[in-house]
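Values below: all heavy atoms of this structure, side chains included; hydrogens, waters and symmetry mates excluded. The model shown is predicted, which means the values in this text are computed figures rather than measured ones.
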Amino acid sequence: MVKLSILAVFAAAALATAVAQSTPAQSNSSAASAGPTLPPGPGKAILQRACTACHGVDMIVSQRNNVDGWSQTVDEMMSRGADLSDDDADVVVHYLATNFGLQPKPAGSSNAAAPPSDAANSSAASSASTAPVNVNKASAQDLQSALGLSQAEAQAIVQYRSDHGDFKTWQDVAAVPGAPHDKIQANSKRLTF
């Protein structure tokens, strides 16, 4: 679940950057066609400022997590250089949990308090399957959940990148020993460098 949460933060920032860079007239006239947007609330501006250089909103709106999960995600992003103070991080976690928290199951469901099933996680992953993935910045965990890789496949890509430098094409990624050529090729249009 944390893997999907990291993707959500990535996605939120990229779309928020696009929204922040457009003029108010552009934002209003193209809101319906611009894709998902972040809801108003305390933490939105901080999230946009600190996270939009690397992440898009489309992923975050497709993800759900509890406070602990969002806290882990934000802590991970801070360890990677996200410009957030501890106070800002708390505000962002609250914003994410409030707007993108775990949704309860419908009334009458036999396991209303249960966490999302693998099917729900799979559905969330497939809805995020169109979000771009920067293979030169993503962690193994991010690659694993975003591209449907095994832990070993994702780690092989990250290790190769660490040893040999950034990738320039999807073919470079697919050529990594241990990387699944078919999965990389299937996701080639989503990969950014």
Side-chain angles (χ1 to χ4, degrees), residues 1-18 34-38 47 50-66 68-82 96 100-103 115-193:
M1 190 172 325
V2 173
K3 297 172 192 170
L4 292 176
S5 300
I6 292 170
L7 291 175
V9 173
F10 285 141
L15 187 56
T17 297
T37 59
L38 292 170
L47 182 97
C51 307
T52 58
C54 301
H55 312 300
V57 173
D58 54 340
M59 266 191 204
I60 196 167
V61 300
S62 68
Q63 305 302 312
R64 300 289 181 245
N65 213 338
N66 60 22
D68 291 336
W70 284 122
S71 182
Q72 289 175 353
T73 299
V74 171
D75 287 347
E76 172 71 16
M77 293 302 103
M78 289 174 67
S79 74
R80 294 178 183 200
L96 291 168
F100 307 104
L102 292 172
Q103 301 299 315
S117 66
D118 287 340
N121 287 336
S122 174
S123 171
S126 68
S127 66
S129 67
T130 59
V133 178
N134 186 325
V135 294
N136 291 324
K137 293 184 180 181
S139 69
Q141 190 175 23
D142 297 339
L143 292 172
Q144 184 178 351
S145 57
L147 302 177
L149 305 179
S150 71
Q151 183 177 8
E153 293 166 341
Q155 187 57 45
I157 292 170
V158 170
Q159 186 63 49
Y160 189 90
R161 179 183 71 206
S162 176
D163 294 343
H164 301 281
D166 287 350
F167 299 105
K168 303 216 181 328
T169 67
W170 73 266
Q171 290 91 343
D172 293 343
V173 180
V176 171
H181 186 275
D182 58 334
K183 288 180 186 176
I184 301 302
Q185 184 175 16
N187 288 291
S188 63
K189 293 185 192 262
R190 298 178 48 221
L191 302 181
T192 62
F193 305 93

- Walk me through it: do Arg190 and Leu147 pass the test side chain to side chain contact (heavy atoms under 4.5 Å, CB included)? CA-CA 9 Å; Arg190 298 178 48 221; Leu147 302 177; 3.7 Å; yes
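Contact between Ala140 and Ala154 at its shortest, heavy atoms only, is O-CB, 3.2 Å. In this structure, Pro180 and Leu149 approach most closely via the heavy-atom pair CG-CD2, 3.5 Å. Shown here for Ala156 and Val176, the closest heavy-atom pair between the two residues is O-CG1, 3.6 Å. Of all heavy-atom pairs spanning His181 and Ala174, the tightest one is CD2-CB, 3.4 Å. Here the closest non-hydrogen pair linking Ala179 and Ile157 is CB-CG1, 3.9 Å.
Applying the ring-ring contact (aromatic ring centres under 6.0 Å, His included) test to every pair with at least one member in residues 143-164, sequence neighbours left out, gives these pairs: Tyr160-His164. Sorted by first then second residue, the ring-ring contact (aromatic ring centres under 6.0 Å, His included) pairs that include residues 130-154, not counting sequence neighbours, number zero. Note on residues 176-189: pairs passing salt bridge (charged side-chain N to carboxylate O under 4.0 Å, His left out), not counting sequence neighbours, are Glu153-Lys183. Residue pairs satisfying the ring-ring contact (aromatic ring centres under 6.0 Å, His included) criterion with at least one member in residues 136-157, sequence neighbours excluded, are absent.
For the 3.5 Å distance criterion, the side chains of Asp68 and Ser71 fail to qualify, holding no donor opposite an acceptor.
Contact annotation: the side chain of Asn187 never approaches that of Val133 to less than 4.5 Å [non-hydrogen atoms, C-beta and beyond]. In this structure, the side chains of Val135 and Thr192 stay at 4.5 Å or more apart for every pair of heavy atoms.
In terms of modelled atom types and a separation under 3.5 Å, the side chain of Ser79 and the main chain of Glu76 share a donor-acceptor contact.
A salt bridge is absent between Arg80 and Asp75; no separation between the charged side-chain nitrogens and carboxylate oxygens falls under 4.0 Å.
A distance of 11.5 Å separates OG of Ser145 from CD of Gln151, quoted to the nearest 0.5 Å. The CG atom of Leu191 sits 9.5 Å away from the OG1 atom of Thr169 when rounded to the nearest 0.5 Å. Between the CG atom of Leu47 and the CG atom of Leu96 there is a distance of 5.5 Å, given to the nearest 0.5 Å.
In this structure Asp166 satisfies the side chain to side chain contact (heavy atoms under 4.5 Å, CB included) test together with Asn136, Arg161, sequence neighbours excluded. Residues passing the side chain to side chain contact (heavy atoms under 4.5 Å, CB included) test with Ser188, sequence neighbours excluded: Trp170.
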